[in-house]
Every structure is written in structure tokens, then in C-alpha cells.
Amino acid sequence: MGMVPVNDHLVHWFVGRPWIFEDSIAQHDTTFLRDLTADMMKGLPDKLIDMVRKVDLNSLSLTCVRYRTPWDVAFGTFRKGTTIVVGDAMHVTGPYIGQGGSVCMEDAVVLARCLAGELHFPEGRSYDDGWLRTRAVKAMDGYLRERKPRLLRVSLEAYLMGLMYATPFKILKILIMVTLVAFFGHGALGHAQYDCGTL
């Protein structure tokens, strides 16, 4: 759970949890959603549960975010024809290494560069739908080839950091730390020291 004060009388709050069957009902019934959420918060301070119970039902919403594991990024298909998935839709990660927005900006630069490199019309050539489609697919495939190693690294590191924070077992924390050092080195900011090139 997290909350951010907006002003003296307004708070933005959220509760993150896995999707459950009852959420199909809660999507359409905010009273049920409020009660379900408050019940799931047992063990948290009473003032937080009270805040949820007193929520303005018109401001309450339920959103499902699909997390992509590192192996989804490595083996996933993100292009169908001339349609491609990019940004958080392709590689949403936990906030543990703070790279979500940065990686999306990298995506934009790399995709724009790939498209610009493939979609220029040679002199004297007229618009040809088949030629354009072929070049767009080639550009998108180039984008995926270039981005997948970077995205795999970031999503794997974020996954391991999240797992380390979530586990109560000290031995597992130590194993994760060793894995992080083995795969990503000693630099705490190695994931942020990346140059995606220029347009």
C-alpha cells in the first residue's frame, strides 16, 4: 500500500495485490471493491483501513497491470505485421531500480532511429504500399533485436531486487545478492549507465 497527500483534505492511495476471482465483480461494484480491499488490509494500521472505508466511491477504481517476467521479455513476440508493442506495455517492471520511464524514452529513440533508417524513399521512387510495409517490418525487427538484450537486463535486475525485498528468508536474500553481483557487477547504477544512441 502507498499513499501521497495531495492537499490538507485529499490523499491519493493505492493497494497492490495479485488479481483474484472476486475482482471480476469488484470492477463493476465500487462498494464491493472498497469492502474487499479493506478486508485484505487486515494487519495494517487501523487509520489506513479507516481511510479505505471512508473513500469517495466515485474516485475508486480497479486497474489490472500485467507484469512481464524477464523470460516473457526474452522469448515474447512483440510484433504482429506492422503493429509493435513498446514501452511499459512491453516491459513493465517493478519500481526497484527506477528505470521504467528511462527505458521507455530509450525505446522511443531506438524505434524512431530504426524507422527513420528504413522508411526513407529513394529518389525517384513513388509511394508503394508493399515496399513501405516490408521496410516497416524490417525496422521493427531491428528495433526488437537491439532492445531485447537491454530490456532483459533491466527486467531481470528489477525482478531480482523485488524478490530480494519481498522474501523474509535471509538465505534467499544472500543468494539473490550474490546473483545480482555475478550478473550485474558491483556498480549499483550500472543499469542507468546506458547509451541508446542518438536519433
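For the single chain, residues carry numbers from 1 onward in sequence order. Keep in mind that what you see is a predicted model, and the values were worked out from it rather than measured.
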Which heavy atom of [X] sits nearest a heavy atom of [Y], and at what distance?
X    : Y    : result
R79  : G81  : NH1-O, 2.7 Å
W131 : E118 : CH2-O, 4.2 Å
N7   : H9   : OD1-N, 2.8 Å
L119 : A136 : CD2-N, 3.7 Å
T179 : L160 : CG2-CD1, 4.0 Å
V73  : F78  : O-CE1, 3.6 Å

Is there a continuous path of hydrophobic side-chain contacts, each under 4.5 Å between heavy atoms, that joins [X] to [Y]?
X    : Y    : answer
L151 : L180 : yes
V52  : L44  : yes
L175 : M161 : no
V6   : V55  : no
Y159 : F169 : yes

Between atom [atom1] of [X] and atom [atom2] of [Y], what is the distance when rounded to the nearest 0.5 Å?
X   : Y    : atom1 : atom2 : answer
N58 : D56  : CG    : CG    : 5.0 Å
I49 : T37  : CD1   : OG1   : 11.5 Å
W71 : L152 : CH2   : CG    : 10.5 Å
M3  : L48  : CE    : CG    : 5.5 Å

Answer yes or no: is there a side-chain heavy-atom contact under 4.5 Å between [X] and [Y]?
X    : Y    : result
D88  : V103 : no
L33  : H28  : no
C114 : E146 : yes
T82  : V137 : yes

Less than 4.0 angstrom from a charged side-chain N to a carboxylate O is my criterion; do D46 and R53 meet it?
no
Crowding at CE, M105 (>12 non-hydrogen neighbours, <6.0 Å)
no
Enclosure of K148 NZ (heavy-atom neighbours >12, cutoff 6.0 Å):
yes
With side-chain contact (heavy atoms from CB on, under 4.5 Å) as the test, would you mind laying out the steps for L156 and R153 before giving the verdict?
CA-CA 5 Å; L156 182 59; R153 182 200 196 286; over 6 Å; no
Using side-chain hydrogen bond (donor to acceptor under 3.5 Å, both in side chains) as the criterion, list what pairs up with R147, not counting sequence neighbours.
E106, D107
Which residues share a side-chain hydrogen bond (donor to acceptor under 3.5 Å, both in side chains) with D50, sequence neighbours left out
K54
Given 3.5 Å as the limit, does a donor-acceptor pair link the side chain of K173 with the main chain of T167, or not?
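Present.
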In the hydrophobic clustering that connects Ile, Leu, Val, Met, Phe, Trp and Tyr at side-chain heavy-atom distances below 4.5 Å, which members other than I25 occupy its cluster, ordered by chain and number?
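Direct or chained contacts put I25 with I20, F32, L36, M40.
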Could you check W13 against M1 for side-chain contact (heavy atoms from CB on, under 4.5 Å), going step by step and ending with a plain yes or no?
CA-CA 7 Å; W13 60 268; M1 174 178 200; 4.2 Å; yes
Testing the 3.5 Å rule here: is there a donor-acceptor pair between the side chains of T69 and D72?
yes
